[in-house]
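Below: the structure, in structure tokens.
Quick note: residue numbers are just sequence positions, from 1.
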Amino acid sequence: MKQEDENREVTKALVKVSKALITVSVLFAVCIIAVIVTLVVPTDHKPGEVSQQVYGRSDQPATIPSTEASAGTTPRPIPADAWKAPDENTIPTGKDGEMIKYGRELVAHTAKYFGPQGSIAKITNGMNCQNCHLDAGSRLFGNNYASFIASYPKLSNRSGRVEQPEERIAECFERSLAGKVPNPSSKEIQAMLAYMKWVGKDVKKGQKLFGNATEKLAFMDQAADPAKGKEVFMMKCQSCHGANGEGLLNADKKTYANPPLWGKHSYNDGAGMYRLTNFAGFVKNNMPYGASYHSPQLTDEEAWNVGAFVNSQPRPHKDQHNDWKDLKKKPIDFPFGPYADRFSEKQHKYGPFKPIKDAQKELTSKKS
């Protein structure tokens with residue numbers, strides 16, 4: 001009897017231990033699942049959420065809290081009516097076609113003809129137009145030429161007068177290429193115009209396009225941070241653009257495979273890329289290598305911050321005191337005063353931009 005009692009006690013003890021082990025195992029499994037869910041599904045991104053779609057507009061983006069701005073690497077669908085560049089096989093034959101092809105060559109390999117060792121003139125910093133207008137200005141949200149020709153002639157708020165498209169190209173030579181202006185009536189500028197006209201041949205004046213120029217990202221509710229942007233640059237950009245933003249030269253040592261992002265051979269502080277709203281939208285959809293609108297590799301916040309870092313670095317200066325005579329029409333991210341509002345140069349450079357945009361709207365709505 002005593003032996004039977006002892007056996008029953010042992011059995012009870014084993015049952016209790018087994019139940020305890022099962023309970024511990026279940027709790028452990030639940031913890032593991034919770035950790036996996038936390039890592040795989042970011043808490044700051046709503047399932048199925050996509051970035052704001054912008055149809056070639058320059059109006060004010062929505063504002064998103066900085067915590068939500070970290071979302072944005074989820075693949076995004078491209079609308080069926082998105083702009084597409086014409087197929088190169090449709091370039092006409094004859095003299096017109098030859099001009100278009102020559103224009104494309106000049107856009108893609110500008111430095112070969114106008115760089116420091118250019119065959120036509122030595123008047124630019126060594127970058128190509130294609131470095132800022134990807135795939136010779138034909139890529140979706142790659143700062144393309146979709147509506148370039150269709151929008152001219154137009155009143156330039158920067159110069160305060162009506163400009164022709166060749167004048168805008170001249171400005172790019174002075175600013176993005178930090179150089180001198182070639183003769184607007186030259187064969188080369190006319191060829192570039194012919195190519196740009198062909199790229200946008202199906203676009204009408206005033207037409208709203210998905211994928212035109214660069215995407216306008218939603219504003220953050222705080223300033224872009226160059227220090228955080230440096231971390232992004234070191235992890236995702238320096239392998240192509242160099243640790244010091246010096247770029248990568250081709251084997252000929254005359255042209256760049258990957259352009260310099262700062263320094264004497266990069267764009268000057270009068271270029272469109274020096275404005276953060278342009279730069280952030282550009283890198284969001286195109287950088288690092290392999291990124292696209294459909295498959296972005298940077299979050300919105302990373303795009304804002306890395307843009308802030310790049311534009312905080314030294315580069316050639318351009319005298320711009322004659323620009324933007326009407327201060328109420330000065331871009332919100334133009335980082336040189338004076339301004340019609342009360343915000344500092346630093347806020348105009350890095351944001352937050354929504355308060356500036358709101359103030360600008362209020363100023364322009366007032367009757368003169």
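Lys205 NZ: more than 12 foreign heavy atoms inside a 6.0 Å radius. A 6.0 Å sphere centred on NZ of Lys112 holds no more than 12 heavy atoms belonging to other residues, nucleotides or ligands. Within a 6.0 Å sphere centred on NZ of Lys201, other residues, nucleotides and ligands contribute more than 12 heavy atoms. For CE of Met235, the number of neighbouring non-hydrogen atoms (other residues, nucleotides, ligands) closer than 6.0 Å is greater than 12. Within a 6.0 Å sphere centred on NZ of Lys318, other residues, nucleotides and ligands contribute more than 12 heavy atoms. Atom CD of Gln164 has more than 12 heavy atoms from other residues, nucleotides or ligands within 6.0 Å.
Remark: Arg315 pairs with no residue by the salt bridge (charged side-chain N to carboxylate O under 4.0 Å, His left out) rule, at least two apart or across chains. A search for salt bridge (charged side-chain N to carboxylate O under 4.0 Å, His left out) contacts involving Asp323 returns Arg175, not counting sequence neighbours. A search for side chain to side chain contact (heavy atoms under 4.5 Å, CB included) contacts involving Ala150 returns Val203, not counting sequence neighbours. For Asn322, the side chain to side chain contact (heavy atoms under 4.5 Å, CB included) test picks out Lys325, with sequence neighbours left out. Not counting sequence neighbours, the partners of Glu167 by the side chain to side chain donor-acceptor pair (under 3.5 Å) test are Arg161. By the side chain to side chain donor-acceptor pair (under 3.5 Å) test, Tyr350 pairs with no residue at all, sequence neighbours left out. For Phe343, there are no ring-ring contact (aromatic ring centres under 6.0 Å, His included) partners, not counting sequence neighbours. Shown here are the side chain to side chain donor-acceptor pair (under 3.5 Å) partners of Asn244, two or more places apart in sequence or in another chain: there are none. Applying the side chain to side chain contact (heavy atoms under 4.5 Å, CB included) test to Lys122 and every residue at least two apart in sequence or in another chain returns nothing. Scored by the side chain to side chain donor-acceptor pair (under 3.5 Å) test, Thr255 finds Asn250, Asp252 as partners (sequence neighbours excluded).
No side-chain donor-acceptor contact under 3.5 Å links Gln190 to the backbone of Glu166. The closest donor-acceptor contact from the side chain of Glu174 to the backbone of Gly270 lies at 3.5 Å or more, if one exists at all. Using modelled atom types, one side-chain atom of Asn278 and one backbone atom of Gly272 make a donor-acceptor pair closer than 3.5 Å. The main-chain N or O of Leu140 is never found under 3.5 Å from a side-chain atom of Asp135 such that the two would form a donor-acceptor pair. At least one donor-acceptor pair closer than 3.5 Å links the side chain of Asn144 to the backbone N or O of Arg139. Between the side chain of Gln347 and the backbone N or O of Ser344 there is no donor-acceptor pair closer than 3.5 Å. Side-chain atoms of Asp341 do not come within 3.5 Å of backbone N or O of Ala359 as any donor-acceptor pair. Asn305 contributes no side-chain N or O that, together with a main-chain N or O of Ala224, makes up a donor-acceptor pair within less than 3.5 Å. Side-chain atoms of His348 do not come within 3.5 Å of backbone N or O of Asp333 as any donor-acceptor pair.
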(request) Using the salt bridge (Lys or Arg N to Asp or Glu O under 4.0 Å) rule, take Lys284 and Asp300 through it: C-alpha gap first, then chi angles, then the decisive distance, then the call. (result) CA-CA 7 Å; Lys284 168 71 179 183; Asp300 287 10; 2.9 Å; yes
(message) Working note: Phe334 + Tyr274, criterion ring pair (Phe, Tyr, Trp, His ring centres under 6.0 Å); need CA distance, chi angles, decisive distance, verdict.
(response) CA-CA 8 Å; Phe334 190 76; Tyr274 195 65; 8.6 Å; no
(request) Step by step, work out the side-chain contact (heavy atoms from CB on, under 4.5 Å) result for Phe336 and His321. (result) CA-CA 9 Å; Phe336 302 110; His321 74 275; over 6 Å; no
(request) Determine, step by step, whether Tyr152 and Leu193 satisfy the side-chain contact (heavy atoms from CB on, under 4.5 Å) criterion, reporting the C-alpha distance in whole Å, the side-chain angles of both residues, the deciding distance to 0.1 Å, and the verdict. (result) CA-CA 12 Å; Tyr152 282 88; Leu193 287 170; over 6 Å; no
(request) Please test Lys349 against Leu276 for side-chain contact (heavy atoms from CB on, under 4.5 Å), starting from the C-alpha separation and ending with a verdict. (result) CA-CA 7 Å; Lys349 185 171 184 177; Leu276 189 53; over 6 Å; no
(message) Could you go through Trp198 and Thr90, starting from their C-alpha distance and side-chain angles, then the distance that decides it, and tell me whether this counts as side-chain contact (heavy atoms from CB on, under 4.5 Å)?
(response) CA-CA 9 Å; Trp198 174 79; Thr90 65; 3.5 Å; yes
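In this structure, Tyr267 and Phe279 have tilted ring planes: the angle between them lies in the 30° to 60° band. Note on ring orientation: taking the six-membered ring where Trp is involved, the planes of Tyr195 and Tyr145 are perpendicular (angle over 60°, cut-offs 30° and 60°). Relative ring orientation between Phe219 and Phe353 is described as tilted, the plane-to-plane angle lying within the 30° to 60° band.
The distance from atom CD of Gln222 to atom CH2 of Trp304, rounded to the nearest 0.5 Å, is 12.0 Å. Taking NZ of Lys361 as the start and NZ of Lys357 as the end, the distance is 6.5 Å to the nearest 0.5 Å. The line from OG of Ser292 to CG of Asn286 is 8.0 Å long, rounded to the nearest 0.5 Å. To the nearest 0.5 angstrom, Arg76 atom CZ is 9.5 Å from Ser295 atom OG. Considering CG of Asp358 and CG of Leu363, their distance stands at 11.0 Å, rounded to 0.5 Å.
Residues Phe233 and Ala243 come closest through the heavy atom pair CE2-O, 4.0 Å. Closest approach of Gly142 to Phe282, counting heavy atoms only: O-CE1, 4.0 Å. Nearest heavy-atom pair, Pro335 versus Tyr339, reported as atom, atom and distance to 0.1 Å: C-OH, 3.1 Å. Nearest approach of Ala291 to Gln297, heavy atoms of both residues: N-NE2, 3.3 Å. Here the shortest heavy-atom pairing between His317 and Asp269 reads ND1-OD2, 2.6 Å. Pro79 approaches Phe210 most closely through the heavy-atom pair CD-CE2, 3.4 Å.
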Donor-acceptor pairs under 3.5 angstrom involving side-chain atoms of residues 123-130: please list them, not counting sequence neighbours.
residue	atom	partner	partner atom	Å
Thr124	OG1	Phe114	O	2.9
Asn125	OD1	Met127	N	2.9
Asn125	ND2	Ser176	O	3.4
Asn125	ND2	Leu177	O	3.4
Asn125	ND2	His265	O	3.2
Asn125	ND2	Ser266	O	3.1
Asn128	OD1	Thr110	N	3.0
Asn128	OD1	Ala111	N	2.9
Gln130	OE1	Ala136	N	3.0

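Note on residues 223-243: no pairs pass side-chain hydrogen bond (donor to acceptor under 3.5 Å, both in side chains), not counting sequence neighbours.
Taking a cutoff of 4.0 Å between a charged side-chain nitrogen and a carboxylate oxygen, Glu171 and Arg168 qualify as a salt bridge.
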